[in-house]
Each structure stands twice: as C-alpha cells, then as structure tokens.
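Notes to accompany the following structure.
Numbers here simply count residues along the sequence, with the first being 1.
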Amino acid sequence: MIDHYYGPYIFMPSSFEEENEDESLIRNKEIKMFSFENALRHGNSFENEYVPYKNYTPYLPSYKNQKDDLMLKIMMLTHVGQDLKLMLDVYPKNIELQRKYREVSKNTNELVRQYEEKYGPLFAGNSLNENGVFSWVNTKSVFEN
C-alpha cells in the first residue's frame with residue numbers, strides 16, 4: 001500500500017515487515033552514506049561502494065536561480081531514494097535503511113510539492129487541476145527557461 005506518491009521515483013510504503021532474530025547481523029550492518037550532494041556528484045549514495053573511475057573528478061552542476069536550486073535538491077533526494085530502495089532489496093530488514101528511506105521519501109515529497117506549487121507539475125500524473133483538466137501542456141517544461 002502506498003501512502004504518498006509523486007511520480008515514478010519516490011514512494012513511501014506504509015510499513016515494512018517485522019524483523020526476526022536471525023537477521024540481527026543484517027540489522028546491525030553499518031552502511032556509510034555520502035551527503036546528498038556528494039551522492040549525486042559521485043553517482044552512488046554509499047561510500048563503501050564508490051569506486052572512482054580513472055582520472056574522473058566528480059562534478060555537481062551549479063544552479064542559476066531558486067527554481068534550479070529546488071530542482072537540484074529534488075534530484076539529489078530522488079537519487080538517494082533510488083539507491084536506498086536498491087539497498088533495501090538486498091537488506092530488507094535493515095532498520096536504519098528503512099528509517100533513512102522514510103526520511104528521504106518524506107523530504108522528497110515535500111520538495112516536489114513545493115516545486116509544483118510554484119512552478120507547475122513535474123510529473124504528468126500530478127497535473128490534473130481541481131476541475132479534472134489535464135494541465136501539463138499549459139505549463140513550461142522544466143527544461144524551458
């Protein structure tokens with residue numbers, strides 16, 4: 001069951017399965033994560049899994065205005081949310097991962113809500129107005145200036 005949903009990327013499950021005692025090793029596995037900014041910069045949220053490519057220097061684009069700044073924050077959180085979902089596929093009983101995933105999902109949904117209030121829908125599914133009219137085509141694309 002999905003409590004909140006914004007587009008195909010981030011959703012927050014209403015509950016995770018209960019953990020049993022045999023999985024205490026998984027629960028206690030320490031997983032070090034990059035900051036949201038460094039996760040997007042490196043293309044990986046988990047420090048112990050990042051392997052630099054040759055002489056590549058990680059880069060993060062700069063923002064020009066408040067709209068771009070908000071979009072960059074959404075991109076960072078969405079990226080981390082995707083990585084956490086993948087890690088939860090491997091360690092579904094890890095309590096810390098579940099907590100981080102819920103936190104990132106909540107923050108992402110809030111930023112998407114703020115963005116859509118100011119600048120219009122990010123996802124086609126969020127573009128129905130109160131009259132049920134599909135308003136996606138009436139707003140500028142996120143790629144337009």
Original post:
Residues two or more places apart in sequence or in another chain: which of them pass side chain to side chain contact (heavy atoms under 4.5 Å, CB included) with Gln114?
Top reply: Leu70, Glu110, Leu111
Original post:
Considering residues at least two apart in sequence or located in another chain, which fulfil the side chain to side chain contact (heavy atoms under 4.5 Å, CB included) criterion with Asn65?
Top reply: Lys67, Asp68
Subject >> Atom OH of Tyr56 with >12 non-hydrogen neighbours under 6.0 angstrom >> reply: yes
Original post:
Are any side-chain N or O atoms of Gln98 and backbone N or O atoms of Pro92, one a donor and one an acceptor, separated by less than 3.5 Å?
Top reply: yes
Original post:
Is Lys106 paired with Glu103 through a side-chain N to carboxylate O contact shorter than 4.0 Å?
Top reply: no
**OP:** Return each pair, listed once, that meets salt bridge (Lys or Arg N to Asp or Glu O under 4.0 Å) where at least one residue sits in residues 70-81; pairs must be two or more places apart or across chains.
**Re:** Asp69-Lys73
Original post:
Can you list the residues that meet the side chain to side chain contact (heavy atoms under 4.5 Å, CB included) rule with Glu117, with sequence neighbours excluded?
Top reply: Arg113
Subject >> Residue pairs involving residues 45-56 (criterion salt bridge (Lys or Arg N to Asp or Glu O under 4.0 Å); sequence neighbours excluded) >> reply: none
Original post:
Taking side chain as C-beta onward, heavy atoms only, is Thr78 less than 4.5 Å from Val104?
Top reply: no
Original post:
Any donor and acceptor pair, going by atom type alone, linking the side chain of Asn38 with main-chain N or O of Phe34 inside 3.5 Å?
Top reply: no
Original post:
For the atom pair OG (Ser105) and NZ (Lys85), what is the distance rounded to the nearest 0.5 Å?
Top reply: 8.0 Å
Original post:
Is there side-chain contact between Tyr101 and Glu96, with heavy atoms separated by less than 4.5 Å?
Top reply: no
**OP:** Report the distance from atom CE of Met33 to atom CG of Asn48, rounding to the nearest 0.5 Å.
**Re:** 10.5 Å
**OP:** Taking all heavy atoms of Leu97 and all of Met87, pick out the closest pair and write down the distance.
**Re:** CD1-CG, 3.3 Å
Subject >> Chi angles and distances behind the side chain to side chain contact (heavy atoms under 4.5 Å, CB included) call for Leu40, Leu72 >> reply: CA-CA 9 Å; Leu40 186 62; Leu72 186 61; 3.9 Å; yes
Subject >> Asp83: side chain to side chain contact (heavy atoms under 4.5 Å, CB included) partners, not counting sequence neighbours >> reply: Asn44, Ser45, Phe46, His79, Leu86
Original post:
When rounded to the nearest 0.5 angstrom, what distance separates CE in Met76 from CE in Met71?
Top reply: 12.5 Å
Subject >> Stepwise side chain to side chain contact (heavy atoms under 4.5 Å, CB included) test for Val112 and Glu116 >> reply: CA-CA 6 Å; Val112 168; Glu116 289 182 338; 3.9 Å; yes
